[in-house]
Student: 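Please find one structure pasted underneath; my questions will follow.
Just so we're on the same page: letters track the sequence lines, and every chain starts at 1.
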Number of protein chains: 2
Amino acid sequence: MGAKTDTREKILNTAASLFQKNGYHATGLNEIIRESESPKGSLYYHFPNGKEELAIAAVTLAGSMIQEQIEEKLARDSDPAQAIKHYILDLADSFEEENPDNQVSLSLLALEIAPIRDSLRDACKQVFELCADTYYRKLITCGFPEEKAKEISSIIFVMIEGAMSVSLVRNDPVMLVAVAEQISILLNN
Amino acid sequence: MGAKTDTREKILNTAASLFQKNGYHATGLNEIIRESESPKGSLYYHFPNGKEELAIAAVTLAGSMIQEQIEEKLARDSDPAQAIKHYILDLADSFEEENPDNQVSLSLLALEIAPIRDSLRDACKQVFELCADTYYRKLITCGFPEEKAKEISSIIFVMIEGAMSVSLVRNDPVMLVAVAEQISILLNN
DNA sequence: GTCTATATACGGATAGAC
DNA sequence: GTCTATCCGTATATAGAC
């Protein structure tokens with residue numbers, strides 16, 4: 001093995017990166033195979049259902065990577081409010097950088113592909129759930145009551161995703177900073 | 001006059017509706033002229049710069065309509081927390097309905113078109129600003145200090161847009177309800 | 001499993017009659 | 001100002017050699 005899954009991985013990584021950055025409809029399969037230096041035949045060999053199947057795999061991969069990043073960064077502070085604030089400020093800091101692993105927004109891709117088909121919507125729902133659940137577990141670990149943690153973790157996900165959208169549109173991370181400042185208020189009530 | 005601007009208006013309204021609902025790249029000009037029952041020649045007569053010019057006009061129109069709806073609904077309650085909560089719960093209620101004037105999310109369209117060109121990004125920024133400013137003016141009217149109002153109004157816009165995105169992806173308005181419940185906490189701190 | 005050539009449809013845009 | 005016919009590029013997808 002090794003080379004066996006290598007082509008598939010290259011295609012998938014490239015697709016996930018381009019889909020997240022430019023969106024689903026704006027990204028052509030030709031662009032994906034060019035950037036990943038893979039032939040089109042391999043794409044359809046590994047993803048027989050074409051672009052939609054690739055989208056499901058891509059949103060799932062992107063979600064996992066984001067989830068891992070959240071988890072890792074939340075572990076740096078024991079205080080949950082501080083940890084989450086710290087994480088969001090890091091997002092703001094890395095906003096200018098262009099390297100692909102800093103792409104932490106799922107909204108564009110999810111909003112585009114969810115309406116296409118139920119299977120795509122389900123994949124998006126799962127990814128959203130996964131991210132929110134990472135905040136949830138942090139809050140539980142820190143002693144928050146279950147109900148409160150459930151409520152707050154969803155709100156945090158919504159605020160971050162909303163602030164990311166606004167920041168991307170405005171091309172300016174100040175909205176993320178503003179949201180970071182609200183976290184402690186949110187958690188202490 | 002009357003018939004003179006009628007064609008333009010029909011094209012623009014249809015475009016704004018389809019762009020908001022399905023997104024920019026997923027909506028073809030052919031679809032717009034078919035749905036608006038206008039010939040393609042008229043589209044390029046009224047919007048010589050084609051799809052991009054239409055997108056600017058559409059996002060601006062959509063923003064104005066949303067802004068008016070926010071303003072109108074916030075006027076129903078004198079207490080700002082109550083007014084905003086009431087407005088968000090209305091959004092949740094109207095979530096199932098399909099008529100076009102209930103499309104109150106700008107994120108999909110804005111995230112798609114902002115990166116295309118600066119003129120499109122600027123139009124999106126202005127629209128976002130317009131909406132947030134409506135919350136701002138409500139807060140000022142109700143006696144909030146300027147700085148606090150500025151801060152909170154942005155957060156409210158972010159939370160609503162984020163909750164709308166999540167609700168659209170999940171096809172379920174519960175996230176809007178959850179956000180509505182947080183408004184009073186946000187305003188009383 | 002890999003790769004290229006090709007099929008087919010549709011995208012945005014334009015020309016030019018009326 | 002209105003409308004149709006058409007251009008050209010690119011999109012997704014497939015066929016079939018290797």
Side-chain angles (χ1 to χ4, degrees), chain A residues 1-59 108-109 112-117 119-120 123, chain B residues 1-59 108-109 112-117 119-120 123:
Chain A
M1 69 156 250
K4 205 186 296 186
T5 59
D6 193 44
T7 302
R8 198 193 119 99
E9 296 295 296
K10 252 191 343 190
I11 292 172
L12 178 54
N13 284 325
T14 305
S17 177
L18 290 173
F19 282 160
Q20 248 187 290
K21 190 170 152 59
N22 303 326
Y24 178 76
H25 295 289
T27 304
L29 296 185
N30 296 328
E31 195 181 350
I32 294 171
I33 60 118
R34 191 186 338 118
E35 193 117 339
S36 68
E37 295 171 308
S38 312
K40 190 172 285 193
S42 297
L43 191 156
Y44 278 96
Y45 173 77
H46 292 291
F47 302 92
N49 284 3
K51 200 179 185 183
E52 292 186 8
E53 184 175 353
L54 197 48
I56 294 178
V59 78
L108 172 58
L109 179 54
E112 281 187 289
I113 71 175
I116 293 175
R117 197 179 295 280
S119 55
L120 303 197
Chain B
M1 71 156 249
K4 205 186 298 186
T5 58
D6 194 43
T7 302
R8 199 194 117 98
E9 296 294 296
K10 247 185 355 185
I11 292 172
L12 178 53
N13 285 325
T14 305
S17 177
L18 290 173
F19 283 160
Q20 249 186 292
K21 191 170 152 61
N22 303 326
Y24 179 75
H25 294 291
T27 305
L29 296 184
N30 296 326
E31 193 181 351
I32 293 171
I33 60 119
R34 191 186 337 118
E35 193 117 338
S36 68
E37 295 171 310
S38 311
K40 191 173 284 195
S42 297
L43 189 157
Y44 277 95
Y45 173 78
H46 292 291
F47 303 92
N49 284 1
K51 200 180 185 183
E52 292 186 9
E53 185 176 352
L54 198 47
I56 293 178
V59 77
L108 171 58
L109 179 54
E112 280 187 291
I113 71 174
I116 293 176
R117 197 180 295 278
S119 56
L120 303 197

Student: Using a 4.0 Å heavy-atom cut-off, does B:Gly41 contact any base of the nucleic acid, only the sugar-phosphate backbone, or nothing at all?
Tutor: base
Student: D:dA11 phosphate, OP1 or OP2: any side-chain N/O from A:His25 under 4.0 angstrom?
Tutor: no
Student: C:dT2, OP1 or OP2 - any side-chain N/O from A:Ser38 closer than 4.0 Å?
Tutor: no
Student: Starting from C1' on D:dA11, measure out to CG on A:Leu54 and report it in whole angstrom.
Tutor: 15 Å
Student: Taking A:Asn13's backbone N and O only, do any of them form a donor-acceptor pair with A:Ser17's side chain (distance below 3.5 Å, no angle check)?
Tutor: no
Student: Can you tell me how far apart NE2 (A:His25) and CG (B:Asn22) are? Round to the nearest 0.5 Å.
Tutor: 8.5 Å
Student: Can you find a pair of side-chain heavy atoms, one from B:Thr7 and one from B:Tyr45, that are under 4.5 Å apart?
Tutor: no
Student: A:Asn30 CG to C:dA5 P: how many Å, rounded?
Tutor: 14 Å
Student: Do any N or O atoms from the side chain of A:Thr27 and from the backbone of A:Gly23 form a donor-acceptor pair under 3.5 angstrom?
Tutor: yes
Student: Once you round to the nearest 0.5 Å, how far does CD1 of B:Ile113 lie from CZ of B:Phe19?
Tutor: 8.0 Å
Student: Tell me the interatomic distance from A:Leu43, atom CG, to C:dT2, atom C1', rounded to whole angstroms.
Tutor: 13 Å
Student: Is any side-chain N or O of B:Thr7 closer than 4.0 Å to OP1 or OP2 of D:dT2?
Tutor: yes
Student: Whole-Å distance between C:dT14 P and B:Lys51 NZ?
Tutor: 15 Å
Student: Between atom CZ in A:Phe47 and atom C1' in D:dA13, what is the gap in whole Å?
Tutor: 16 Å
Student: Starting at the 5' end of DNA chain D, which residue's closest nucleotide do you reach first, B:Lys40 or A:Thr27?
Tutor: B:Lys40
Student: B:Ile116 CD1 to C:dG12 P: how many Å, rounded?
Tutor: 11 Å
Student: Using whole Å, report how far CG of A:Leu29 lies from P of C:dT8.
Tutor: 19 Å
Student: Under 4.0 Å between a side-chain N or O of B:Tyr44 and OP1 or OP2 of C:dA13?
Tutor: yes
Student: Expressed as a whole number of angstroms, how long is the span from A:Arg34:CZ to C:dC3:P?
Tutor: 17 Å
